[in-house]
Amino acid sequence: MSGAPILQVENLSKHFGVRTGLFGRQKRTVKAVSGLNFEIGAGETLALVGESGCGKTTTTRLLLRLQTPTHGTVRFDGRDIHQLKGADLKSFRSRVQAVFQDPWSSINPRVRIRDFVAEPLIVNEKLTSGDIDIRVHAALDDVGLRPQDARKFPHEFSGGQRQRIAIASAIVTRPSLVVLDEPVSSLDVSIRSQIINLFKDLQGEYGLCYILVAHDLATTRYLADRVAVMYLGSIVEYGATDDVFDTPAHPYTEALLSAALPADPGAVRNEIVMSGEVPSPLSPPDGCAFHPRCHRCLGDACRTQFPALISQEQGRAVSCHLYTE
Amino acid sequence: MAEAPLLEVTDLKVEISTKAASFFPVNGHSFTVRAGETLGIVGESGSGKSMTAMSLARLLPKHAAHIRSGSVKLDGRELLTLSEPEMRRVRGKEIAMILQDPQTSLNPVFTVGEQISEALRLHAPGPRRTLRERAIDALRKVKVAAPEHRVDAYPSELSGGMRQRVVGAIAISCQPKIIIADEPTTSLDVTVQAQYLRLLREMQDETGMAILFITHDFGIVANLCHRIAVMYFGRIVESGPVDKIFARPAHPYTEALIAALPKLRGQQGRLRTITGQPPVPTDQIAGCPFAPRCEYADARCRSELPPSVDADSAGDHSASCWKVDR
Amino acid sequence: MADTPIRTVPSPGLWRRARSLPLVPIGVLLTVFIIPAFFAEWIAPHDPYVPNLKARLQPPVFFGGTWEFAMGTDRLGRDILSRILHGAWYVLAVSMIGIAVGVVVGTTLGLVAGYVRGWFDGLVMRLVDISLALPAMLLALALAAALGASFLSVVIVVGFALWAYFARQVRAEVLLLRKSDFVARSLVAGSSHARILFRHILPNVTNTIVVLATLQVGIAIMLDASLSFLGIGIPRPTPTWGLLVSDGRDFIATDWWISFFPGLAILLTVLSANMLGDWLRDRLDPRQRQI
Amino acid sequence: MLRFLSLRLASSLFALLIITLIVFLLSHLSGSPVDALLPDDASQEQIDAFVRDWGLDKPLWRQYLTFLGNALQGDFGTSLKWPGEDAMGFVLDRMPATLNLGGLAILISVVIALPLGVAAAVYKSSPIDSGAQIFALLGQSMPNFWLGIILIWVFSVWLGWLPTSGMGTIAHAVLPAIAIAWFQISALARLTRSAMLEVLDAEYIKLARVKGVPEWKVVWKHALRNAAVVPLTYFGILAASILTGSVVIETVYSWPGMGWVAIEAIRGRDFPVVQAVIIAYAVIYMISTLVVDLLYVLVDPRIRHG
Amino acid sequence: MINMYSKHRIAPKRMLAAALLAGTILGGAGLNFAAVAQEKVVIAVSPLGADSNLYWTTTGAFIMPSMQTLVGNDPATGKYDNSQLAESWEHNEDFTSWTFKLHPNAMFNDDWGPVTAADVVHSFEIHTGDDAKLSGISKFKAMTITALDDHTVRFDMPSPDPDFLFSNAGRGSLAIYSKAQFDAEGIEGYEAAPAGSGPFKYEGREVGQSITFSSIKDHWTGVTAEFDEIEFRWVSEPSTRFAMLSAGEAHAVTLPRDLRDDASEAGQTVLSSSAGAMQTTMLFTGQFMRPDAEETRDARTYAWADQRVREAANRALDREAILEVLYGEGVGALPVYTMDPRFPGYSEEVAASFDENYGYDPEKAMALLAEAGYPDAFDNAEIPLVVTSLAGNPEFAQMAELVQAYFDVAGIKTEMREQDWATGNTAIRGFTADFITPMRNAPVRPSALGVQIFFTKHASPHLDIGDPEVNELGGQLVAETDPAKRGEILNKMFTRISDTYAHLPMATVPATVVVNSDLVEGWTFPGATSSGLSHYELIDLK
């Protein structure tokens, strides 16, 4: 990690109350995420991977201050973002941006491109209209669009172009951190690489750091410096991308990677049979949440005790009884 | 090689005509699928791959889309000239389909059992109880746990992967000769996708049916298919055995697509990109449709449509490109 | 969390839009409704108010009448055509102001309720329930008895009858929109709730509002007519169409023209407004499916 | 499920409470019953006695509380206009007439609107579609009293098929029910059409066709069963509109139902009956929306298991 | 083939369902509505203000044909006769005591025995109870009743009442119920089926819809209707009533004037009452002639406080044209509202000079207005003109519209106000009325009664025009018992009212009913009741 971490997440949990049963008498708690710890340094990319329902989206919403955590803190530049007010909040808003999955739904169809791209500037900074235009044009230029596109409406663009517009809006304030929520999964293959390259270029140019949520493991590997593998609301493995992908420690990581299909008929795949599907977060299994599907389940320990996340060498951490003494 | 192909599609053209415009989303392509074989049709959105699938089952949207020319032969029988009731007996019984989204491809108001046995009742009628037994059998075949219980479940009670298995059960229930699978795993998680593809392979091994697998994911074709057809702008631009195409792509588009993918192992530098945007079906392009984005294109590429030519001497690998020998 | 993704259909160009305009309904609306509403003074061949007792119950032209009274005359010898032309303004005013009241109240409440949820949402929805549960006609009767029948009371009743539909519909849309990615995106950008509500959500429900409002023209006119039927509409001698139809209803079997032509005016106007509304709905918002 | 129901019930009761307040205030705003119920030449003693008997001399809030307390026990007082009749009892006696009429109107509108909407959706943009739409719209374009009178002349006087007015056999209900229903057909048919259009595009419809299901079965079994959920949500409003429509139509056809009572009572300043009838209307509406919610759950397993 | 088969299998099933539905509807249709049975007469009229078997709790608009009063009206002349329960009557000199002798053979229906003085006393008691709302009942409350013998009763009243017969005849302030039934069944018996002594027997009612009576075969009066049953249907829409008549569903209906013409053109018969049944007028409300008006409020806000304006208003009206539109030809103008040739006090001079004084003369009207300074001299130059279409007087709306149009020509500005009776009454009672309102007098009251109700403070204080002279004369009238002198006083009152242009008199109108000419031959009725209709037993069927 280079320099001081820009974002620190400590013991972050988000629980939802859900009423079930007749008359809603039983009140259950769903632990969407629990006890997350990670940090990101400047210019770094951290990827969150896992199956749907593992808590990736909740995590990003907590980091973006769209939801309030039940426990724990998110520190940005050393300050708890959920305590920010006034000017500090504005500054946070302008320094943290996001790009969402669907370029069709993430751009307000009734707003001109210029106004859409400029929104973070308009609400957070005091600029003249002319200055805003200059910044918008610069941002559009950065993502490969022309200044005259600013006058158009979203429906005049294709999916790939829309995603560029969304990126332009995310970088217009020169943020430090951009949350990328499945940013390429709805794009065509031939466009995908353009956008992936664009992310790399922007990171190189502006020293952005990214939090990437993606289900395509190849993309993750290409973009991310470090990766956190999540299962049922918890991080089960954490470490440098290459390390994790080349030598997965947690059985779940192993299974996940084995399920990814390389675009190469000759590639050797070590297929791991993982039975069943992700259990409902309403009734998570006791002990290690993964044990019912685990091909390396050790027995009682896995069934009854929750394995803590244990740090290994080189910033790696694993939460598995295989690695506890 | 000598045996007759199970499905033979020749020069298929589909026209969509609306008040505003008229265009050919499927513009004259030909391919064959042999029994027990999996053909992968790969293409980006708007390339006409789903339209191809629907036109094989003659289920194009009424009024708007029409098959303009070509022939579709299943086991030697021409499908395009069948009457609608005859065609209805082909659908489901001889050609089955698995659609893209398991969330929406099951009717939410009927139980799983009702939906499976409906197909059975249409093509192999029997008493109620037998139908139910056979529906349970079909569920068992697609490895749904506790099929006796699940048969009475509504789709909303099942997970995504489970639903897609049910769709699979409907597809295989009448032992079709060919299954057309239109992006059946796109909305599934990778782990569930892997399970599902394994299931498809097993079913194929068991029944010897052919699979026409439509996808945009090269990872899937690489792992599942025997042969590949790559589509671009309503045409098949390249087709051949899967290993040949990955090893020596003959069409620049195929080549660029494969190179543009990030690799899971062994990392590369900057990703290769294809410039520009994929064309939409309403575009008018003279010459090779890929020419505007192609790094090898010359004047002839921009004015004349390239014919399909053999890419090697074996005769099982062909591409539509003036520069096959580049 | 299976959100329906909000997608908009790319709008075709202005020219193509203009070409596909439903010319017949627009033409009918103009000739029957809008032009008379503003220019009746100059178009109408007779004074709509002054009885002409010598020309009572003249049949329309082609039915034994003359061109002088093309649509015949009523029991007091007043020219039906002139009365219809002059009535257009009142019909227009009642329906437009009534709908405007409904739109403003309904949209505001629906917007805020759908966005802030919580107790306010509950309250608004209960108000919607209350408003739907109280038949507008009964309210009108009570109101007319309390305040006297007047233009104002008719407008209030129309507004009261309609606001709940707008509130319901707008709220439903807002519930979807507030979960959309672009609202999340805008929150991330740091927009205030007011900004999101008015800059992002409101423009996306305007289509719904416009379409619904067009479709409500018919309901407003019908309501006005029903109020006249009950004798609590805009007071005489104002020739609102509802009053004309209502006054002539006794003579459907004999002097049919007294109510037929005003009825036809209502029919054409409402039919056209609805067709226009349908057209707008098809163009503007394929998701929209309320009445 | 039960929880949902009890919540709905509670909020309905709250709404009813507000309605009682509105109704009470409105009926008191609208003038004194003295003038409606006593003859022109009533003496001052008569007036005083009347005011005392009906508690009209008490402060408004006292009158309201008294009213509410009694109303909770179902006691809305005695009718002023129909002497000797218990107000709520009188309204309840008329309720079956209105419910019969409304029920028939709903039946007619559903029987006509559903096929119309389905046909319009299946043959979208064809003459069938436009024809169905225009037929449906006609009902919304005619004042219903006008339509009602025309129906009487055509079907009762000229053709002699049906009776003109009054209540008796089912034949008496046909014309008023049509006059009420036609207005609703348009809305219902449009809803059905758009819901069907949406459903017909769904993947499971494709899948049904892929299975080889004949087209009519695709439409009427697979599609309609799903599309029906949407018009169903409209039923609460449908019920409300039919109640409202019945006010006018019951007058035209001399149908002695609640609408008729409502008008007569308001005109006669019959406070107790006015209050009873409006509350009764509101309760019917609340119950019908509640029933719709229940039906909704029955029709759509997604909600049952959601 | 399976599919084809199933397609055909389902279609007939659906057709069957459709056929069943259609069958039910048509089957139901065949049951009941076909042309009414000959032995049952159906009369369709506007709904009543109040609807009850307990007659005294209604305002008395409809007296059931099963009930009788003490005094009858001759069907052909409208004069009082002994066709009802009283065989004869007499009064003392100053009209403070009236004695009635009952027909000895009068019997209640349903075997409740003979009609006796006890029944009259009993009926008097229930009619003057707290729940009584009958028009004119306040007068009864001040009386005492004494049964002199089994068939004789005497009413004693504190002040002279020369017009007492009116209350007991068409006005019907006292209907005779059976005491025997009351003793046996109580009030519930009346509610369920009140026994009366009329030529019809109460059969039952559908509240708000209809009420049915059967005719009694050998009635004690010897009069028997030629049909078995009579049903009254309450139908508020005139065109629906017209439709019922045209469809043969009703024998007789009441219709507004224009529809009457239409019906008559269509071949139906219009029957009028033998005497005038109703007088109409438009009243300037507010006590405009009162000397203290200046103190209580600014009289100038009432344009019509100036007699010149009142005369102008009258002169502005072309009564001939208005009455032709409202009531048809042959309806004569009414010189003074409540004045009637049948009753004492009728002033030939006023009637004779009516054309001269009230004749249509717009020029004069304008001159008078100019002289009075109208509209500039008045704060409220716009006079609200009240329309009451809610009151079951269909011609009132047109009357107001026509008056407005004629006023407009003369330069009197008016503004329409749609207002129901109750609201208007509230304003009038509260002395806040600032409008011109249509008014009717039905049944036509004896002049003495009418003039006091509508113009003086003596009978109903709120309708007082505030003229000291009229009130003075009214006071004299109350005290005076000599018929000749009463006539003189009344004559003076009518003259004064006419001279001061105190109102806008309109017309005396007979009651009319339209009968289906295929079913009904004729029917004579005097027009003496509130609704105008009576003597149903005289309906002559074809």
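Lettering follows sequence order; numbering is per chain, from 1.
Across A:F100 and C:A184, no two heavy atoms sit closer than the pair CZ-CB, 3.8 Å. The shortest heavy-atom contact between A:S106 and C:F182 is O-CB, 3.2 Å. In this structure, A:D102 and C:D181 approach most closely via the heavy-atom pair N-OD2, 4.1 Å.
Remark: A:H82 NE2 is packed, more than 12 non-hydrogen atoms of other residues, nucleotides or ligands lying under 6.0 Å away. Annotation for A:K14: atom NZ counts as buried by contact number, over 12 foreign heavy atoms lying within 6.0 Å. For CZ of C:F39, the number of neighbouring non-hydrogen atoms (other residues, nucleotides, ligands) closer than 6.0 Å is 12 at most.
Of the inter-residue distances, the one linking C:H200 atom NE2 with A:E119 atom CD reads 3.0 Å to the nearest 0.5 angstrom. Summarising the geometry, atom OG belonging to A:S105 is positioned 12.0 Å from atom CG belonging to C:L176; distances are rounded to the nearest 0.5 Å.
Heavy-atom pairs under 4.5 Å with chain C peak, among A:Q97, A:R65, A:Q101, at A:Q97. When each of A:D115, A:N108, A:V111, A:N124 is checked for heavy-atom pairs under 4.5 Å with chain C, A:N108 comes out on top.
With a 4.5 Å cut-off on side-chain heavy atoms, C:N207 and A:R110 count as touching. A heavy-atom distance below 4.5 Å is found between the side chains of C:N204 and A:P109.
With a 4.5 Å cut-off on non-hydrogen atoms, A:S169 touches chain C through its backbone and its side chain both. Proximity to chain C (any heavy atom under 4.5 Å) is restricted, for A:I107, to the backbone atoms N, CA, C and O. Heavy atoms closer than 4.5 Å to chain C are found nowhere in A:L121, neither backbone nor side chain.
With hydrogens and angles ignored, the 3.5 Å screen pairs a side-chain donor or acceptor of C:R185 with a backbone N or O of A:A98.
Between the side chains of C:S191 and A:R93, no donor-acceptor pair of N or O atoms lies under 3.5 Å.
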